[in-house]
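Being a predicted model, the structure only gives us computed values, none of them experimental. Throughout, a chain's letter reflects where its sequence line sits, starting with A, and its residues are numbered from 1.
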There are 2 protein chains.
Amino acid sequence: MEIKEFKDKFEQALSKNESIVFFCNCEIKYSGRAEAFLARGDRIIIVKGDNTVLVHQPEGSSPVNYMKPNSKLELVKHKKHLILKCQNLDYKDYLDIEIFRVYNFMNHKLEDGLKLELAGNEKDMSDMIKAKPELISNDFKPLSREEHTKFGFIDVFGHDKKGNMVIVECKRYTASLQCVTQLRRYVEKISELKGVSISKVKGIMASPSISPNAKEMLEKWKFKWVQVNPPKRLERYSKDQKSLVEW
Amino acid sequence: MEIKEFKDKFEQALSKNESIVFFCNCEIKYSGRAEAFLARGDRIIIVKGDNTVLVHQPEGSSPVNYMKPNSKLELVKHKKHLILKCQNLDYKDYLDIEIFRVYNFMNHKLEDGLKLELAGNEKDMSDMIKAKPELISNDFKPLSREEHTKFGFIDVFGHDKKGNMVIVECKRYTASLQCVTQLRRYVEKISELKGVSISKVKGIMASPSISPNAKEMLEKWKFKWVQVNPPKRLERYSKDQKSLVEW
DNA sequence: ATATAGATCTCGTCA
DNA sequence: TGACGAGGTCTATAT
């Protein structure tokens with residue numbers, strides 16, 4: 001595509017806050033929270049209506065470069081080609097896309113605004129444990145599923161029949177060393193705030209699995225691991241679609 | 001665009017491992033590591049040559065849905081429209097994009113393979129501290145910048161003139177509670193492995209800033225915070241471009 | 001394959 | 001706005 005035609009189309013679409021995608025050959029410089037350089041190659045450039053910019057290489061999930069929403073965009077001439085200059089003053093981020101060739105260009109006003117409904121996250125997991133405390137132990141009585149309280153971000157808080165406080169930390173994936181130190185931090189904080197001996201505050205890690213080193217550290221701190229899998233409320237979707245077309 | 005035309009173009013581009021982008025009105029179901037549903041709306045769909053799939057809404061940086069590389073893709077008819085069925089057996093991920101309308105379609109064989117050169121990350125920061133230990137203190141003698149050793153993933157390890165061991169944890173952003181617990185874990189591990197009193201192992205947090213609670217915890221554990229900014233080796237790029245076109 | 005930790009993380013939530 | 005933690009995190013690296 002001719003540079004002139006691209007420039008006209010791009011600027012018109014940009015002014016109307018349309019979504020824009022183009023394939024091009026380009027070189028990229030980034031300066032801001034870090035510094036980056038990407039030599040000439042073919043890439044997919046996405047410019048959204050909120051002035052988000054994404055640069056994707058032809059492989060991989062993550063963008064190789066990007067600019068956050070509300071960036072200022074300007075297409076300027078440089079020698080015989082163009083530079084898409086992007087700046088985000090909030091983050092002090094600057095991105096230059098030097099465009100040598102444009103293969104394809106596409107623009108359209110897109111209407112959405114809907115939000116993804118997601119199930120099977122950590123919150124669902126702690127809800128499940130609060131509702132079915134026997135998943136932890138027959139001894140466990142949950143009192144609250146509190147987040148963002150003065151006691152911290154504890155997933156499930158309760159006590160046992162022996163009068164101990166019990167703190168449950170949920171992880172939807174394999175529990176790591178970091179997860180155990182997080183649990184330890186909560187146990188120490190509760191012990192401090194409530195003025196209770198640390199031996200009276202029990203830490204429980206609830207996760208589908210746990211790494212060997214995490215297990216070792218857990219045992220060193222007299223915490224316990226309980227195997228719990230995250231729930232999947234919307235599993236009917238995958239079942240429905242299996243009945244339509246077999247995977 | 002007509003459904004028939006879209007199907008032909010898509011399947012041909014897919015078979016040639018070209019990069020594909022289209023704007024469409026669609027509904028999305030995901031089942032795998034979690035479960036998700038996104039009702040009808042306009043989105044940007046990206047299919048890369050390695051069978052990565054990205055679904056973007058018209059605003060925001062992150063994809064609302066995605067499939068990792070090497071997914072199996074199939075476009076099947078459903079009533080009067082199409083479903084792009086994606087499956088990734090490695091991750092047991094399944095994504096259905098029910099396509100009601102296609103506004104624009106674009107495909108092209110893209111050639112790249114270059115890697116981003118990035119400066120200003122945590123590794124650069126620990127390299128800098130190793131080279132300029134006076135950034136930490138006049139007393140600090142770095143011995144190693146080790147990662148992934150038997151001692152753990154310590155950023156910079158060394159000692160001071162008083163014969164204490166010194167562990168430096170670098171963060172390129174505001175140090176949080178989690179960062180301090182990480183440092184604490186390393187200090188405890190070194191103390192254990194080397195058979196040295198914990199009072200003889202000094203913990204240093206090096207970061208551009210630190211949160212109040214993290215600072216409090218740091219002091220409780222007798223660690224110290226040193227303000228260090230991540231280096232920006234490639235800053236010349238932004239200077240160059242400033243001389244070309246003023247921001 | 002698993003374990004570990006960084007990331008221009010991004011995103012939501014709350015004080 | 002900063003602080004804090006989750007994420008279908010993703011990605012790189014070492015074991």
Side-chain angles (χ1 to χ4, degrees), chain A residues 30-36 52-53 55 60-69 88 90-95 115-116 118-126 146-150 152-155 169-179 182 185-186 209-215 230 232 234, chain B residues 30-36 52 55 60-69 88 90-95 115-116 118-126 146-150 152-155 169-179 182 185-186 209-215 230 232:
Chain A
Y30 163 73
S31 176
R33 285 165 291 170
E35 309 285 324
T52 298
V53 179
V55 180
S61 306
S62 300
V64 68
N65 281 110
Y66 56 90
M67 290 290 279
K68 295 203 174 196
N88 191 305
D90 294 342
Y91 290 88
K92 290 173 189 163
D93 276 336
Y94 301 91
L95 185 72
K115 281 205 172 181
L116 188 76
L118 195 133
N121 54 14
E122 206 176 279
K123 189 173 169 297
D124 289 329
M125 207 169 154
S126 60
E146 33 186 5
E147 302 182 72
H148 308 280
T149 71
K150 57 178 172 173
F153 302 77
I154 292 162
D155 290 333
E169 176 61 32
C170 304
K171 293 294 165 189
R172 61 187 311 286
Y173 46 86
T174 304
S176 66
L177 284 167
Q178 204 171 61
C179 303
Q182 189 181 349
R185 178 152 56 88
Y186 295 156
S209 58
I210 186 165
S211 77
N213 287 340
K215 188 99 194 298
K232 293 186 179 183
L234 304 179
Chain B
Y30 163 75
S31 176
R33 283 165 289 171
E35 308 288 323
T52 297
V55 180
S61 307
S62 301
V64 68
N65 280 111
Y66 56 89
M67 291 291 278
K68 296 202 173 193
N88 190 304
D90 294 342
Y91 290 88
K92 289 171 188 164
D93 277 335
Y94 301 90
L95 184 73
K115 282 207 168 177
L116 188 75
L118 195 132
N121 55 14
E122 206 176 278
K123 190 173 169 296
D124 289 330
M125 210 170 150
S126 61
E146 27 185 9
E147 302 181 73
H148 308 281
T149 71
K150 57 179 172 174
F153 303 77
I154 293 162
D155 290 333
E169 177 60 33
C170 304
K171 293 293 166 192
R172 64 184 312 287
Y173 46 83
T174 303
S176 66
L177 283 168
Q178 207 171 57
C179 301
Q182 189 183 349
R185 178 153 57 86
Y186 295 156
S209 58
I210 186 164
S211 77
N213 287 341
K215 189 95 193 300
K232 293 186 178 181

Classify the nucleic acid contact of [X] as base, sugar-phosphate or nothing, counting any heavy atom under 4.0 Å across all strands shown.
X: A/Leu116; answer: nothing
X: A/Asn65; answer: base
X: B/Gln182; answer: sugar-phosphate
X: A/Lys171; answer: sugar-phosphate
X: B/Asn213; answer: sugar-phosphate

*Side-chain donor/acceptor contact of B/Asp93 with base of D/dG8 under 3.5 Å*: yes

Please give, in whole Å, the distance from [N] [atom2] to [X] [atom1]?
X: B/Met67; N: D/dG8; atom1: CE; atom2: C1'; result: 10 Å
X: B/Lys68; N: D/dC10; atom1: NZ; atom2: P; result: 4 Å
X: B/Lys232; N: C/dT8; atom1: NZ; atom2: C1'; result: 9 Å
X: B/Tyr173; N: C/dA7; atom1: OH; atom2: P; result: 7 Å
X: A/Asp155; N: D/dG5; atom1: CG; atom2: P; result: 11 Å
X: A/Gln178; N: D/dC4; atom1: CD; atom2: P; result: 15 Å
X: A/Met125; N: D/dG8; atom1: CE; atom2: P; result: 14 Å
X: A/Phe153; N: C/dC11; atom1: CZ; atom2: P; result: 20 Å

*Residue whose nearest DNA chain D nucleotide is more 5′ - B/Val64 or B/Pro212*: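 The residue mapped nearer the 5' terminus is B/Pro212.
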
_Upstream residue (5' side of DNA chain D) when B/Lys115 and A/Glu122 are each assigned their closest nucleotide_ = A/Glu122

_Looking at D/dG8 and B/Tyr30: do their rings stack (centroid distance under 5.5 Å, interplanar angle under 30°)?_
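The ring of B/Tyr30 is stacked on D/dG8.
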
_Is there aromatic stacking of B/Tyr66 on D/dG8 here, judged by a ring-centre distance under 5.5 Å and a plane angle under 30°?_
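Here B/Tyr66 meets both the 5.5 Å and the 30° conditions.
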
Per [X] side chain, nearest of listed nucleotides [options]:
X: A/Ser62; options: D/dA6, D/dC10, D/dA3; value: D/dC10
X: B/Ser61; options: D/dG8, D/dC4, C/dT10; value: C/dT10
X: B/Arg172; options: C/dT8, C/dA5, D/dG5; value: C/dT8
X: B/Leu177; options: D/dA3, D/dC10, D/dC4; value: D/dC4
X: A/Tyr186; options: C/dT10, D/dG5, C/dA5; value: D/dG5

_Atom pair CD/CD of B/Gln182 and A/Gln182 - distance to nearest 0.5 Å_ =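 Between atom CD of B/Gln182 and atom CD of A/Gln182 there are 13.0 Å.
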
_Just verifying a value: how many Å separate B/Tyr30 OH and A/Leu118 CG, rounded to the nearest 0.5 Å?_
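It comes to 8.5 Å.
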
*Quick one: on DNA chain C, does A/Ala34 or A/Ala214 contact a more 5' nucleotide (nearest heavy atom)?*
A/Ala214

*asked:* Both A/Thr174 and B/Glu169 contact DNA chain C. Which one's nearest nucleotide lies toward the 5' end?
replied: A/Thr174

_Under the rule for side chain to side chain contact (heavy atoms under 4.5 Å, CB included), what residues qualify as partners of A/Tyr91, not counting sequence neighbours?_
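For A/Tyr91 the side chain to side chain contact (heavy atoms under 4.5 Å, CB included) partners, ignoring immediate neighbours, are A/Arg33, A/Lys68, A/Asn88, A/Asp93.
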
*What residues, two or more places apart in sequence or in another chain, satisfy side chain to side chain contact (heavy atoms under 4.5 Å, CB included) together with A/Ser61?*
B/Thr52, B/Pro69

*Provide the distance between the two P atoms, one in D/dT11 and one in C/dC11, to the nearest whole Å.*
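So the two P atoms sit 16 Å from each other.
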
_P spacing across the pair C/dT4 / D/dG8, given as an integer number of angstrom_ =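 Taking atom P in both C/dT4 and D/dG8, they lie 22 Å apart.
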
*Is there a side-chain polar atom (N or O) of A/Arg185 under 4.0 Å from OP1 or OP2 of D/dC4?*
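Checking D/dC4 against A/Arg185, no side-chain N or O comes under 4.0 Å of OP1 or OP2.
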
_Any A/Ser176 side-chain N or O less than 4.0 Å from OP1/OP2 of C/dA5_ =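 Answer no for this pair, as no side-chain N or O of A/Ser176 is under 4.0 Å from OP1 or OP2.
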
*Check for a donor-acceptor pair, side chain of A/Lys171 on one end and backbone N or O of A/Glu122 on the other, with a separation under 3.5 Å.*
no

*Is B/Arg172 reaching over with its side chain to a backbone N or O of B/Gly120, donor-acceptor style, under 3.5 angstrom?*
yes

*asked:* Under a 3.5 Å threshold, yes or no: a donor from one side chain and an acceptor from the other, between B/Ser211 and B/Thr174?
replied: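 B/Ser211 vs B/Thr174: no donor-acceptor pair found between side chains.
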
